[in-house]
Undergrad: 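My questions will all concern the structure given below.
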Amino acid sequence: MPLTLDRTVTALAVSMALFHLFVASPFTLLPDLVVRGTHLLLALVIGFLVYGMKGGRVRKAIDLALIALSIICLGYLIVFHSSIVVRPPWTRDATPMELFVALGTVVVVLELTRRALGLAITGLCLIFVLYGFFGPDLRHVDFLRPLAHSGVDLNEFVDQMYFSFEGIFGVALGVSTNFIFLFVVFGALLQVIGGGDFFVNVTKAATGSTRGGPANMAVVASALMGTMSGSSVANVATTGAITIPMMRKLGYPRNFAGAVEAVASTGGQITPPIMGAAAFLMAAILGITYQEVITAAALPAILFFASLLVAVHWEALKHGLQPLDRSEKGATWREFKAGWTFLLPLVVIMTFLMMGYTPSLSAFWGVVATLVTPFLRRSTWVSLAVLADGLNLGARAAVTVAIACASAGIIVGIVQISGLGFRFSSLVIAFADGNLYAALFLAMIAAFIFGMGMPTTPAYIIQATLVAPALVDLGATPLSAHLFVFYYAVLGQITPPVAVAAFAAAPIAGATSTAVGWRAFTLGIPAYVIPFLFVANPVLLGQGEIVDLLIVLSRSAAAIVCLSIMLTGWLGGRPLAWVSRGILLIAAALLIAPNHMLSAVAVVAIVCVWSIQRSGLTLPRLKGESRD
């Protein structure tokens with residue numbers, strides 16, 4: 001990228017960050033449409049500069065034309081926002097200018113979505129747009145007849161997409177504007193001032209003396225990094241550059257080292273207090289506070305990382321791996337004392353959230369605290385250029401989120417105006433024959449299909465619009481239903497064939513992306529069970545008495561541990577026979593159901609397997625299965 005272009009992008013990104021800080025401050029009040037329009041306009045301009053077409057003058061001219069179109073279309077919205085808000089819907093034909101700015105906005109959003117996020121979500125948006133216009137024709141196709149609707153004309157489409165808060169400028173873009181942007185900037189700032197290094201160093205010192213220390217470090221460090229970035233790929237890029245080579249040095253296979261980092265980094269997106277963009281959307285869609293979302297997500301996140309730590313520990317025992325040398329791991333207290341001030345911004349955010357302030361205001365004060373933190377101690381001082389770089393990196397990262405939310409708004413708008421949400425929910429209920437668990441399985445498959453190669457945010461929005469209502473109709477609580485689809489939107493990052501977190505980890509591990517992807521999938525299987533656990537037992541989301549919570553948590557933890565040991569194939573100092581692995585699988589399944597009798601049977605089965613392993617009794621093995 002030429003230096004002048006880089007400076008332009010940097011100036012726009014820093015300006016975008018300062019604009020959002022100004023809007024989020026407790027002293028500013030601007031109309032929602034103006035803020036969302038400005039947010040999308042800056043995202044489009046920066047996006048077309050960053051993702052400009054390579055080549056000669058013609059392609060550069062196309063980029064400039066798209067930027068000019070963005071300025072005209074969004075500028076119209078900002079200038080005439082007061083008349084747009086009171087514009088009566090569908091009561092008159094749109095004027096040529098209104099058609100131009102509305103359709104132009106759809107075009108620039110879809111084009112930047114194609115460049116920044118790929119063809120998957122762009123193609124899906126186009127399919128939904130075509131469905132809106134040609135939905136009535138589906139009644140002529142037998143198996144598609146249930147999805148047919150009365151049709152959407154051009155005026156209805158334009159009004160829904162541009163002149164309302166139910167299309168491009170709907171809830172998704174509003175959440176990106178009000179919450180997500182500042183939290184992304186907060187994470188970027190915390191990393192550039194040294195917070196990322198602090199978390200990694202403390203984790204290395206704390207876990208280095210354990211069996212498989214670097215792998216444990218990858219798990220814990222990625223959970224901590226998730227509190228800053230909320231992005232699986234960003235977590236892989238930061239912690240993976242340190243943990244994967246250390247795992248390889250200790251003796252872990254390449255595929256396993258990359259898989260551990262990919263799964264752990266993906267878990268960062270479900271780790272409170274910053275769980276990625278989709279968590280803020282969940283709070284807005286459900287009409288609850290963000291604090292309620294992160295409270296509900298806390299125990300499932302602990303189960304997620306507990307399952308991974310168990311798998312890592314038993315893999316270390318299986319390969320006879322040893323802890324890190326004392327000289328490599330460092331002293332925990334010394335590392336903590338050297339950078340404890342980096343915890344202050346997180347404390348500020350959590351304090352404001354727990355006091356009931358909005359995520360937007362909490363993020364504002366969190367960013368302010370992050371800007372001040374380096375100057376509390378002479379050893380952590382940074383230059384103003386470093387702080388500007390943090391604002392720049394955060395704004396650039398938030399651009400892709402803004403575009404994802406805008407394009408997802410197109411899908412949500414079509415779903416609402418066509419009535420597809422109700423029809424899809426009815427189909428899911430019909431296919432599941434009224435059974436919640438069958439519907440959950442169908443929802444999981446749908447999540448894999450919708451989320452294949454798609455960022456978490458649009459994947460969640462689509463499933464929250466189409467799938468979650470069906471789960472609620474079948475008896476799931478609204479919060480557990482939305483967390484269910486959120487989890488699988490996140491787990492799409494390690495689900496083959498398009499496992500983007502594994503793709504990011506593979507080059508660092510020196511392995512193929514396919515091998516790392518499938519190893520990450522098998523390593524993460526216990527995590528795929530967790531959503532079923534909290535739907536069957538909503539008490540895991542903090543909805544119940546403490547005694548019930550302890551019982552359900554113990555049962556869920558036992559189920560997750562059983563699955564991890566079964567997949568690792570190692571217990572009591574020797575390999576598990578296929579019979580024992582089968583028994584552990586059955587025990588895990590029995591522990592998921594909220595039934596005390598089944599839980600008792602599962603406990604007996606686990607004790608039997610443990611006794612067999614400790615006694616040295618040899619069970620039948622599959623041909624070729626190791627007896628060492």
Undergrad: Please step through side-chain contact (heavy atoms from CB on, under 4.5 Å) for the pair Thr177 and Phe181, ending with a clear verdict.
TA: CA-CA 6 Å; Thr177 304; Phe181 185 91; over 6 Å; no
Undergrad: Look at the side chain of Glu111 and the backbone N and O of Val108, then say whether any donor-acceptor pair between them is shorter than 3.5 Å.
TA: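 No.
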Undergrad: Main chain of Gly267, side chain of Thr271: is a donor-acceptor contact present, judged purely on distance under 3.5 Å?
TA: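 Answer holds: yes.
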Undergrad: Between Asn537 and Val539, is there a donor-acceptor pair closer than 3.5 Å when you use the side chain of the first and the backbone of the second?
TA: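 Not a single qualifying donor-acceptor pair exists.
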Undergrad: Indicate the ring-plane relationship of Phe157 and Phe133, choosing parallel, tilted or perpendicular according to the 30° and 60° boundaries.
TA: tilted
Undergrad: Looking at Thr465 and Ile461, what are the two nearest heavy atoms and their distance?
TA: OG1-O, 2.7 Å
Undergrad: With under 30° as parallel and over 60° as perpendicular, where do the rings of Phe183 and Tyr290 fit, or are they tilted in between?
TA: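 If you compare the ring of Phe183 with that of Tyr290, the planes turn out tilted.
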Undergrad: Verify, without hydrogens or angle tests, whether Arg36 (side chain) and Leu33 (backbone) share a donor-acceptor contact under 3.5 angstrom.
TA: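 Not at all, since once roles are kept as given, no pair shorter than 3.5 Å links the two residues.
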Undergrad: Quick one: are Leu77 and Val101 in side-chain contact, heavy atoms under 4.5 Å?
TA: no
Undergrad: Taking the side chain as every heavy atom from C-beta outward, state whether Leu110 and Ile410 have any pair of such atoms under 4.5 Å apart.
TA: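 Yes, close enough: below the 4.5 Å cut-off.
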Undergrad: Mark yes or no for whether Ser360, through its side chain, and Asn178, through its backbone, hold a donor-acceptor pair below 3.5 Å.
TA: yes
Undergrad: Please report whether the ring centroid of Phe532 lies less than 6.0 Å from that of Phe441.
TA: no
Undergrad: For the residue pair Val535 and Leu440, what are the closest heavy atoms and their distance?
TA: CG1-CD1, 3.7 Å
Undergrad: For Thr477, does its backbone N or O pair with a side-chain atom of Ser480 as donor and acceptor, under 3.5 Å?
TA: yes
Undergrad: List the steps, then state whether side-chain contact (heavy atoms from CB on, under 4.5 Å) holds for Leu41 with Ile78.
TA: CA-CA 10 Å; Leu41 173 58; Ile78 295 167; 4.2 Å; yes
Undergrad: Is the centre of the Tyr76 ring less than 6.0 Å from the centre of the Phe80 ring?
TA: yes
Undergrad: Verify the distance criterion only: is there a donor paired with an acceptor across the side chains of Thr495 and Tyr488 at less than 3.5 Å?
TA: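 Tyr488 and Thr495 do not have a side-chain donor-acceptor pair below 3.5 Å.
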Undergrad: Would you say the rings of Phe169 and Phe163 are close, in the sense that their centroids are separated by under 6.0 Å?
TA: no
Undergrad: Main chain of Arg114, side chain of Thr122: is a donor-acceptor contact present, judged purely on distance under 3.5 Å?
TA: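 Checked: pair present.
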Undergrad: Between atom CG of Asp63 and atom CZ of Phe48, what is the distance when rounded to the nearest 0.5 Å?
TA: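 Spacing of CG (Asp63) from CZ (Phe48) equals 8.0 Å.
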Undergrad: When you measure from the side chain of Arg581 to the backbone N and O of Leu567, does any donor-acceptor pair fall under 3.5 Å?
TA: yes
Undergrad: For the residue pair Val158 and Leu103, establish whether any side-chain heavy-atom pair is separated by less than 4.5 Å.
TA: yes
Undergrad: Could you state the interatomic distance from CG (Leu420) to CG (Leu427), rounded to the nearest 0.5 Å?
TA: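 One finds 9.0 Å between CG of Leu420 and CG of Leu427.
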Undergrad: Taking Asp433 for the side chain and Asn435 for the main chain, is one N or O donor matched with an acceptor at less than 3.5 Å?
TA: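 Side chain of Asp433 to backbone of Asn435, a donor-acceptor pair under 3.5 Å: no, none is there.
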Undergrad: With a 4.5 Å cut-off on side-chain heavy atoms, are Ser307 and Leu303 touching?
TA: no
Undergrad: If you compare all heavy atoms of Ile494 against all heavy atoms of Ala501, which two are closest, and at what distance to 0.1 Å?
TA: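 Heavy atoms of Ile494 and Ala501 come nearest at CG2-CB, 4.2 Å.
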Undergrad: As a quick check of understanding, evaluate side-chain contact (heavy atoms from CB on, under 4.5 Å) for Val485 and Met444, giving each step before the final call.
TA: CA-CA 7 Å; Val485 297; Met444 178 182 70; over 6 Å; no
Undergrad: Can any side-chain N or O of Arg555 pair as donor or acceptor with the backbone N or O of Leu591 at less than 3.5 Å?
TA: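 Looks like yes, one N/O pair under 3.5 Å.
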Undergrad: What's the verdict on ring pair (Phe, Tyr, Trp, His ring centres under 6.0 Å) for Phe484 and Phe534, showing C-alpha distance, side-chain angles and the deciding distance?
TA: CA-CA 8 Å; Phe484 183 92; Phe534 60 65; 7.1 Å; no
Undergrad: Answer whether the closest heavy-atom distance between the side chains of Leu523 and Leu308 falls below 4.5 Å.
TA: yes
Undergrad: If every non-hydrogen atom of Ala520 is compared with every non-hydrogen atom of Val263, which pair is closest and at what distance?
TA: O-CG2, 3.4 Å
Undergrad: Can you tell me how far the CE atom of Met282 sits from the OH atom of Tyr460, to the nearest 0.5 Å?
TA: 4.5 Å
Undergrad: When you compare the side chain of Ile67 with that of Leu49, does any pair of heavy atoms fall below 4.5 Å?
TA: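 Leu49 reaches Ile67 side chain to side chain.
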Undergrad: Measure the CZ-OG1 distance between Phe100 and Thr105 for me, rounded to the nearest 0.5 Å.
TA: 9.0 Å
Undergrad: Do Thr295 and Glu292 have a side chain donor and acceptor closer than 3.5 Å?
TA: no
Undergrad: So does His140 have more than 12 non-hydrogen atoms from other groups sitting under 6.0 Å from NE2?
TA: yes
Undergrad: Mind checking the OG1-CD spacing from Thr358 to Gln291? Nearest 0.5 Å is all I need.
TA: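 One gets 12.5 Å once the value is rounded to the nearest 0.5 Å.
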Undergrad: Answer whether the closest heavy-atom distance between the side chains of His39 and Ser176 falls below 4.5 Å.
TA: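 In contact.
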Undergrad: For a side chain to side chain contact (heavy atoms under 4.5 Å, CB included) with Ser418, tell me which candidate from His149, Gln160, Glu156 qualifies.
TA: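 Result for side chain to side chain contact (heavy atoms under 4.5 Å, CB included) with Ser418: His149.
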Undergrad: I'd like to know whether Gln493 forms a side-chain contact (heavy atoms from CB on, under 4.5 Å) with Gln269, so could you lay out the CA-CA distance, the side-chain angles of the two residues, the decisive distance to 0.1 Å, and finally the verdict.
TA: CA-CA 10 Å; Gln493 307 294 298; Gln269 288 193 65; 3.7 Å; yes
Undergrad: Which heavy-atom pair separates Val109 from Ile403 by the least distance, and what is that distance?
TA: O-CG2, 4.2 Å
Undergrad: Does the side chain of Val175 come within less than 4.5 Å of Cys405's, by heavy atoms?
TA: no
Undergrad: What distance do Leu563 atom CG and Ile530 atom CD1 have between them, rounded to the nearest 0.5 Å?
TA: 9.5 Å
